[in-house]
Colleague: 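Okay, here's the structure, questions in a sec.
The first residue of the sequence shown is numbered 1, and numbering continues consecutively from there.
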Amino acid sequence: MDKIKDIYTQNVDKYNKLTDRTGRILLYLSLSRLIVFIAGIALMVILWKVNQVNAVGSFLAALIIFIVLLKKYSDYSFRKEYYENLEGINKDELRGLDDDYSCFKGGSEYIDPHHDFSHDIDLFGNDSLYQYLNRTCTGRGKDLLAEYLSSPSLLSNKMTERQEAIKELSGLVQWRQEFRAYGMIGDTDAALISDFNEWLREKPRYLNNKAFSVLRIFMPLLTILLLILTITATIHYSLFVLIFLINLVIISFNLRDINNIHSRVTKKHNMLKTLRHLIDHFENHKFSSAYLNNLQKALSSDNGSASRSIDKLSKIIQAFDSRLNMLMAIPLDGMLLWDLQCINRLELWKRTANELLPQWFESLGQVDALCSLANYARNNDTFCYPAISDDKGYLVARSIGHPLIPGHMRVNNDFSISKKGEIIIITGANMAGKSTFLRTVAVNLILAMTGAPVCADKFIFTPCNIYSSMRTTDSLSDQESYFYAELKRLRALKERLENNENIFFLLDEILKGTNSKDKSEGAQLFTERIIQYQATGMIATHDILLGKLSDNYNNIINRCFEIEIAGDEVKFDYILREGMTTKMNAAILMKQMGIV
């Protein structure tokens, strides 16, 4: 941990200096542009009376220098933002190492109370697993990271390949940070890309239109020819003006379609520029992981690399955006039918890349999401990479802990489930650690199936679909009571077990929405029912009677969290033990808080 902290600290200092240096260069370039502009005007005025050719030549030379300086200024502005991003990235990582994750987005938009498990284990929102992991810089990467965590069992068949990719990326601290810094410069929001993909799927309106093809080529050639003849005084200028106006009429007849197409693509070159930098950065690195190499291959096609294709599209859109300047739009359309030429270029590009661009976005998103998991792996290099069980037990974990609990506060435990069909009943007093331990097992199972390391010294597991009922809420809008909402969750679990789904369940205080007698009776009946389906999972409870089911069923295993009571004081050690608890603490805690 100290080593990675040193890297982040050194990077903050390095990029702070580079940002300051680039800022000074930008200041010099601004002053130089102003001096060149004033000098160009002054020279033209001074030389005009002496030699007009020299005056115009001096101004043109100053204009060329001004344009070069403008380009340099744009390049250094990009570079400054890039360095600022890198400095901010390293500052945020230092905050993360100090257990402050507030600078990272928590993905509250993904919160779903009806999801199989995400709401119960704080997968999304503030202080969530997603916020702890999230270092994404693209809209698709953000969504994919959420999908990985929400549906980890879908990834478990490629766990080994993903582990290799995450291991490799975890060592590439500089490369990952540069990737993220590029992604932070432009907007690659999922909604923006979705709208762009929708435009790609639209059928071309002009490309296969023969009349349009003839007009697009013939009219500009005729206009240029007439302009040459007018300049050489071969014909009267009125003929050129007539054709110029006819071209503008052609544009006006198609104006609705032109405006619609332009509105879908305008100003997207900033987004595409960002994507191009990300693709370049990914394409130009040599990886050893087969998983990453396959993602690289997805960015290539028979028509060339993704970066060149996106660069070409960006230039077309920039050219199309010329119509936003009326001083340029009228001459370009009158002479060249510029808008229609740009649409033709767009539709030609779309024909070769409309199926590839969404794939490129997807590949970049996967790299982005993997970088988040790799960053987590690098920051926690003492965590272990799990293995899939090979008849060594359903779940075997040594020194397992919750990754979101700071290391100096975390209490790790050994835990195992020997075979499918085993149910672990965890009893304990209030605040003894039962619910936290259920979340600990769930979070590490999720991380394991995504290919990431887990907070344990050893972790062997069987891939599964996680299902929980821990934080059921009532719903006024659906006129649904807390108790009824919990019953619906339990019914859903029963039905899925009946369908032989590979479920690992986590239940916290079954039927806590009713009185103690009903709760105890109902919990026992439900547990006995799911035993029939060879269900595997964990139940946390205060109910000692539920633990006594082990007297009748061999596959019920009791574990507990005990407390130490000394007078009116309660001490918690959060150590998981065998057997059932013998101590409760509700009355003592109420006395401590002055409630009774």
Side-chain angles (χ1 to χ4, degrees), residues 1 99 117 120-123 127 129 132 152 376 380-389 392-420 422-449 452-464 466 468 470 504-509 536-544 546-547 550 555-565 570-585:
M1 184 68 77
D99 305 307
F117 58 84
D120 287 337
I121 64 169
D122 300 312
L123 205 59
D127 303 315
L129 179 64
Y132 177 71
Y376 148 76
N380 298 279
D381 53 7
T382 59
F383 288 5
C384 79
Y385 281 90
I388 292 177
S389 177
K392 294 179 182 177
Y394 187 90
L395 173 62
V396 178
R398 187 174 66 226
S399 193
I400 185 174
H402 199 302
L404 269 67
I405 298 175
H408 65 280
M409 297 171 59
R410 185 189 305 135
V411 176
N412 295 345
N413 285 285
D414 293 345
F415 178 72
S416 66
I417 297 176
S418 60
K419 62 182 184 299
K420 180 176 170 54
E422 205 165 78
I423 296 175
I424 309 297
I425 307 289
I426 300 179
T427 52
N430 295 293
M431 300 164 53
K434 303 185 302 298
S435 300
T436 298
F437 189 71
L438 261 60
R439 292 187 174 93
T440 295
V441 173
V443 162
N444 282 292
L445 276 172
I446 290 165
L447 289 169
M449 287 186 279
V454 299
C455 183
D457 291 343
K458 176 183 178 183
F459 197 86
I460 300 171
F461 76 106
T462 302
C464 56
I466 300 169
S468 66
M470 300 173 64
F504 180 82
F505 68 83
L506 301 138
L507 306 180
D508 191 5
E509 290 297 348
T536 310
M538 303 166 66
I539 301 173
T541 183
H542 294 96
D543 188 358
I544 302 298
L546 194 60
S550 62
N555 52 344
I556 296 288
I557 308 296
N558 284 302
R559 296 286 183 269
C560 69
F561 287 100
E562 284 291 19
I563 57 173
E564 183 181 334
I565 300 174
V570 180
K571 294 183 180 179
F572 305 94
D573 61 17
Y574 307 112
I575 295 173
L576 186 67
R577 296 174 169 84
E578 294 185 0
M580 290 186 292
T581 186
T582 58
K583 302 170 185 176
M584 293 297 169
N585 63 350

Colleague: Tell me, do Cys455 and Asn380 make a side-chain contact under 4.5 Å, heavy atoms counted?
Modeller: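 No; the side chains remain at least 4.5 Å from each other.
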Colleague: Apply side-chain contact (heavy atoms from CB on, under 4.5 Å) to the pair Phe117 and Leu123, showing each step before the final yes or no.
Modeller: CA-CA 8 Å; Phe117 58 84; Leu123 205 59; 3.9 Å; yes
Colleague: When rounded to the nearest 0.5 angstrom, what is the spacing between CG in Asn558 and OG1 in Thr427?
Modeller: 6.0 Å
Colleague: Are Ile557 and Glu578 side-chain neighbours, meaning at least one heavy-atom pair lies under 4.5 Å?
Modeller: no
Colleague: Quick one, Ile466 and Leu445 - any side-chain contact, counting heavy atoms below 4.5 Å?
Modeller: yes
Colleague: Can a side-chain donor-acceptor contact be found between Thr581 and Glu562 if the only test is distance below 3.5 angstrom?
Modeller: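 Indeed, the side chains of Glu562 and Thr581 share at least one donor-acceptor pair under 3.5 Å.
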Colleague: List, one per line, each side-chain donor-acceptor pair under 3.5 Å for residues 432-439, sequence neighbours excluded.
Modeller:
unit_1	atom_1	unit_2	atom_2	d
Lys434	NZ	Gly428	O	3.2
Lys434	NZ	Ala429	O	3.0
Ser435	OG	Asp508	OD2	2.5
Arg439	NE	Asp120	O	2.7
Arg439	NH2	Asp120	O	3.1

Colleague: State, yes or no, whether a side-chain contact exists between Ile539 and Ile426 at a heavy-atom distance under 4.5 Å.
Modeller: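 A side-chain contact under 4.5 Å is absent here.
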Colleague: Kindly indicate whether the side chain of Leu447, heavy atoms from C-beta on, has any atom under 4.5 Å from the side chain of Pro403.
Modeller: yes
Colleague: Would you give the length of the straight line joining atom CE of Met470 to atom CG of Leu506, rounded to the nearest 0.5 angstrom?
Modeller: 6.5 Å
Colleague: Looking at residues at least two apart in the chain, or sitting in another chain, which of them share a side-chain contact (heavy atoms from CB on, under 4.5 Å) with Ile556?
Modeller: Ile423, Ile425, Thr527, Ile531, Leu549, Ser550, Tyr553
Colleague: Please enumerate all residues that pass ring-ring contact (aromatic ring centres under 6.0 Å, His included) together with Phe505, with sequence neighbours excluded.
Modeller: none
Colleague: Report the relative orientation of the aromatic rings in Phe504 and Tyr394; use parallel for angles under 30°, tilted for 30 to 60°, perpendicular for over 60°.
Modeller: parallel
Colleague: Using 0.5 Å steps for rounding, measure from the CG atom of Leu507 to the OG1 atom of Thr541.
Modeller: 10.5 Å
Colleague: Nearest 0.5 Å please: distance from the CD1 atom of Ile460 over to the CZ atom of Arg398.
Modeller: 9.0 Å
Colleague: Does any N or O in the side chain of Asn444 come within less than 3.5 Å of the main-chain N or O of Gly401, such that one atom is a donor and the other an acceptor?
Modeller: yes
Colleague: Is it the case that more than 12 heavy atoms not belonging to Lys458 sit under 6.0 Å from its NZ atom?
Modeller: no
Colleague: Report yes if some heavy atom in the side chain of Arg559 is under 4.5 Å from a heavy atom in the side chain of Arg577; otherwise report no.
Modeller: no
Colleague: Which residues pass the side-chain contact (heavy atoms from CB on, under 4.5 Å) test with Ala448, sequence neighbours left out?
Modeller: Pro386, Val454, Phe459, Phe461
Colleague: Output all residues satisfying salt bridge (Lys or Arg N to Asp or Glu O under 4.0 Å) with Asp127, sequence neighbours left out; order by chain, then residue number.
Modeller: none
Colleague: Measuring from atom CG of Leu395 to atom OG1 of Thr536, what distance do you get when rounded to the nearest 0.5 angstrom?
Modeller: 10.5 Å
Colleague: Going from CE on Met580 to SG on Cys560, what distance comes out if it is rounded to the nearest 0.5 angstrom?
Modeller: 9.0 Å
Colleague: Can you give the donor-acceptor pairs under 3.5 Å from side chains of residues 406-413 to other protein atoms, not counting sequence neighbours?
Modeller:
unit_1	atom_1	unit_2	atom_2	d
Arg410	NE	His402	O	3.1
Arg410	NE	Ile405	O	3.3
Arg410	NH2	Ile405	O	2.9
Asn412	ND2	Ser399	OG	3.3
Asn413	OD1	Leu576	N	2.7
Asn413	ND2	Tyr574	O	3.1

